[in-house]
**Student:** 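Below is one structure. I have some questions about it.
Side chains included, hydrogens not; waters and symmetry mates left out as well; all remaining heavy atoms used. For the single chain, residues carry numbers from 1 onward in sequence order.
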Amino acid sequence: MNADRVVDNLPMFPLGSVVLPGGQLPLHIFEPRYRQLVQDLLASDEGSLEFGTVMIERGREVGGGDQRATVGTIVTVVDVRVSDDGRYGVMAVGVERLRVIEWLPDDPYPKASIERWPDEADPPGSTPVDALAIERLREQLEECFTAMRALGDAVPDTLPPSSTEAQRALYELASWSPISVADLHAVLAAPSTAQRFDVLAGALDDAAAVLKFRGS
């Protein structure tokens with residue numbers, strides 16, 4: 001264990017999807033345990049509206065009994081709306097990565113001891129993820145969009161501009177990409193920026209191969 005790491009206890013919301021840093025997470029909350037989670041966040045003396053999300057690897061979002069990933073994202077609530085029947089409409093935004101150290105008892109909702117996980121140093125010999133590398137990924141994604149349009153799939157008319165900061169740009173491109181939830185999680189779980197680039201490039205290659213097969 002790294003003695004310098006900061007460990008937090010956070011409420012957790014396991015999902016059947018992946019939230020990336022910078023991404024939006026709209027939630028319609030009706031389960032009593034997660035309604036309690038929102039109420040506890042709003043009543044917190046610390047003023048923190050943060051909770052953690054992780055992908056459910058096996059099982060369901062509703063009812064518990066799921067198998068959960070150990071890498072996820074800390075999100076912060078930016079908007080809450082309450083319906084007449086007590087349900088919540090929540091909008092949250094991904095802030096940074098987390099690693100689960102230990103799952104705590106689900107009482108009444110999931111909780112975990114987590115550490116915040118910034119990107120690690122790129123492995124020795126890695127190719128820097130510069131503007132040219134990001135542009136190559138954009139070209140891969142554009143090629144996928146072109147193939148999807150030819151197949152009649154709904155895609156944006158134009159690809160939005162991506163950030164000039166490599167880490168953020170990779171998360172943005174991943175969120176726009178026609179890749180699986182498992183691939184999105186692999187992008188999130190890549191230890192470093194260079195490794196994330198390689199994971200996303202490989203996932204886009206796989207998506208292009210599937211699109212080519214569909215069009216053959």
Side-chain angles (χ1 to χ4, degrees), residues 13-27 53-61 66-75 92-99 117-120 122-123 125-216:
F13 202 125
L15 296 165
S17 56
V18 174
V19 182
L20 300 175
Q24 292 188 330
L25 174 63
L27 292 170
T53 67
V54 292
M55 184 184 73
I56 296 173
E57 296 179 327
R58 186 176 299 128
R60 302 183 306 155
E61 289 184 22
D66 47 9
Q67 181 175 321
R68 304 160 184 169
T70 56
V71 174
T73 302
I74 296 170
V75 301
V93 175
V95 177
E96 59 184 311
R97 291 196 303 174
L98 66 82
R99 283 193 292 203
W117 187 27
D119 273 8
E120 299 176 4
D122 290 334
S126 299
T127 302
V129 182
D130 56 14
L132 288 177
I134 295 299
E135 186 57 34
R136 288 199 301 273
L137 276 185
R138 287 182 62 90
E139 290 171 0
Q140 279 185 271
L141 183 51
E142 287 283 16
E143 289 171 5
C144 286
F145 280 1
T146 298
M148 292 171 72
R149 291 188 192 100
L151 291 167
D153 295 345
V155 295
D157 292 333
T158 58
L159 186 60
S162 50
S163 172
T164 56
E165 195 274 315
Q167 182 190 77
R168 190 170 190 84
L170 291 176
Y171 284 135
E172 290 170 346
L173 291 169
S175 70
W176 301 329
S177 296
I179 61 178
S180 69
V181 172
D183 283 333
L184 277 176
H185 185 261
V187 167
L188 178 66
S192 72
T193 303
Q195 288 164 295
R196 182 170 301 113
F197 176 91
D198 291 341
V199 169
L200 181 53
L204 285 171
D205 282 342
D206 291 343
V210 170
L211 290 166
K212 183 177 180 180
F213 176 78
R214 286 178 58 197
S216 62

**Student:** Could you pull out the closest heavy-atom pair between V75 and G94, with the gap in Å?
**Tutor:**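 Shortest heavy-atom contact: CG1-CA, 3.8 Å.
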**Student:** Is T73 reaching over with its side chain to a backbone N or O of V19, donor-acceptor style, under 3.5 angstrom?
**Tutor:**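 At least one qualifying donor-acceptor pair exists.
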**Student:** Please identify each residue that fulfils salt bridge (Lys or Arg N to Asp or Glu O under 4.0 Å) with E96, with sequence neighbours left out.
**Tutor:**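 Applying salt bridge (Lys or Arg N to Asp or Glu O under 4.0 Å) to E96 gives R116.
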**Student:** Check whether any side-chain N or O of R97 sits under 3.5 Å from a backbone N or O of W117 as a donor-acceptor pair, and report yes or no.
**Tutor:**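 Yes, R97 side chain to W117 backbone: donor-acceptor pair under 3.5 Å.
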**Student:** Do S177 side-chain atoms and I179 backbone N/O form a donor-acceptor pair below 3.5 Å?
**Tutor:**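 A pair under 3.5 Å: no.
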**Student:** Of all residues at least two apart in sequence or in a different chain, which pass the salt bridge (Lys or Arg N to Asp or Glu O under 4.0 Å) check with E143?
**Tutor:**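 Partners of E143 under the salt bridge (Lys or Arg N to Asp or Glu O under 4.0 Å) test: none.
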**Student:** Return the minimal non-hydrogen interatomic distance between E165 and Q167, and the atom names on each side.
**Tutor:**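 Distance-wise, the nearest heavy atoms are OE2-N, 3.1 Å.
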**Student:** So do S162 and L137 actually touch side chain to side chain, heavy atoms under 4.5 Å?
**Tutor:**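 Result no, sub-4.5 Å side-chain heavy-atom pair not found.
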**Student:** Run the side-chain contact (heavy atoms from CB on, under 4.5 Å) check on L200 and L173 step by step: do they pass?
**Tutor:** CA-CA 9 Å; L200 181 53; L173 291 169; 4.0 Å; yes
**Student:** Report the C-alpha separation of L151 and L211 in whole Å, then their side-chain angles, then the decisive distance to 0.1 Å, and conclude whether the side-chain contact (heavy atoms from CB on, under 4.5 Å) test is met.
**Tutor:** CA-CA 8 Å; L151 291 167; L211 290 166; 3.8 Å; yes
**Student:** Would you indicate whether the side-chain heavy atoms of L159 and R138 approach each other to under 4.5 Å?
**Tutor:**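 With C-beta onward as the side chain, the pair touches.
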**Student:** Strictly by salt bridge (charged side-chain N to carboxylate O under 4.0 Å, His left out), give each pair with a member in residues 197-213 just once, sequence neighbours left out.
**Tutor:**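 Sorted result for residues 197-213: empty, none.
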**Student:** Of all residues at least two apart in sequence or in a different chain, which pass the salt bridge (Lys or Arg N to Asp or Glu O under 4.0 Å) check with R149?
**Tutor:**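 For R149 there are no salt bridge (Lys or Arg N to Asp or Glu O under 4.0 Å) partners, ignoring immediate neighbours.
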**Student:** Got a salt bridge between E120 and R99, using NZ or NE/NH1/NH2 to carboxylate O under 4.0 Å?
**Tutor:**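 A salt bridge is present here (some side-chain N lies under 4.0 Å from a carboxylate O).
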**Student:** In terms of heavy-atom contacts, does CD of Q24 have more than 12 from other residues, nucleotides or ligands at under 6.0 Å?
**Tutor:**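 It does not: Q24 CD has 12 such atoms or fewer within range.
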**Student:** Taking C-beta and beyond as the side chain, do I134 and L132 meet within less than 4.5 Å on heavy atoms?
**Tutor:**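 Side-chain contact under 4.5 Å: no.
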**Student:** With a 4.5 Å limit on heavy-atom distance, are the side chains of P156 and W176 in contact?
**Tutor:**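 Counting from C-beta outward, P156 and W176 never come under 4.5 Å.
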**Student:** Are any non-hydrogen side-chain atoms of V54 and L98 less than 4.5 angstrom apart?
**Tutor:**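 Yes; the side chains approach each other to less than 4.5 Å.
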**Student:** Any side-chain hydrogen bond (donor to acceptor under 3.5 Å, both in side chains) involving residues 184-196? Give me the pairs, sequence neighbours left out, ordered by first then second residue.
**Tutor:**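 For residues 184-196: D119-T193, D119-R196, D122-S192, Y171-R196, S192-Q195.
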**Student:** Compare all side-chain heavy atoms of L15 with those of I56 and state whether any distance is below 4.5 angstrom.
**Tutor:**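 Contact flag for L15/I56 side chains = no.
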**Student:** What pairs with R214 under salt bridge (Lys or Arg N to Asp or Glu O under 4.0 Å), at least two apart in sequence or on another chain?
**Tutor:**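 R214 satisfies salt bridge (Lys or Arg N to Asp or Glu O under 4.0 Å) with D153 only.
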**Student:** Working note: E172 + S163, criterion side-chain contact (heavy atoms from CB on, under 4.5 Å); need CA distance, chi angles, decisive distance, verdict.
**Tutor:** CA-CA 8 Å; E172 290 170 346; S163 172; 3.6 Å; yes
**Student:** Less than 4.5 Å apart, any side-chain heavy atom of V187 and any of L170?
**Tutor:**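 Answer no - side chains too far apart.
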**Student:** Are side-chain heavy atoms of V199 and F197 found at a separation under 4.5 Å?
**Tutor:**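 They are not in side-chain contact.
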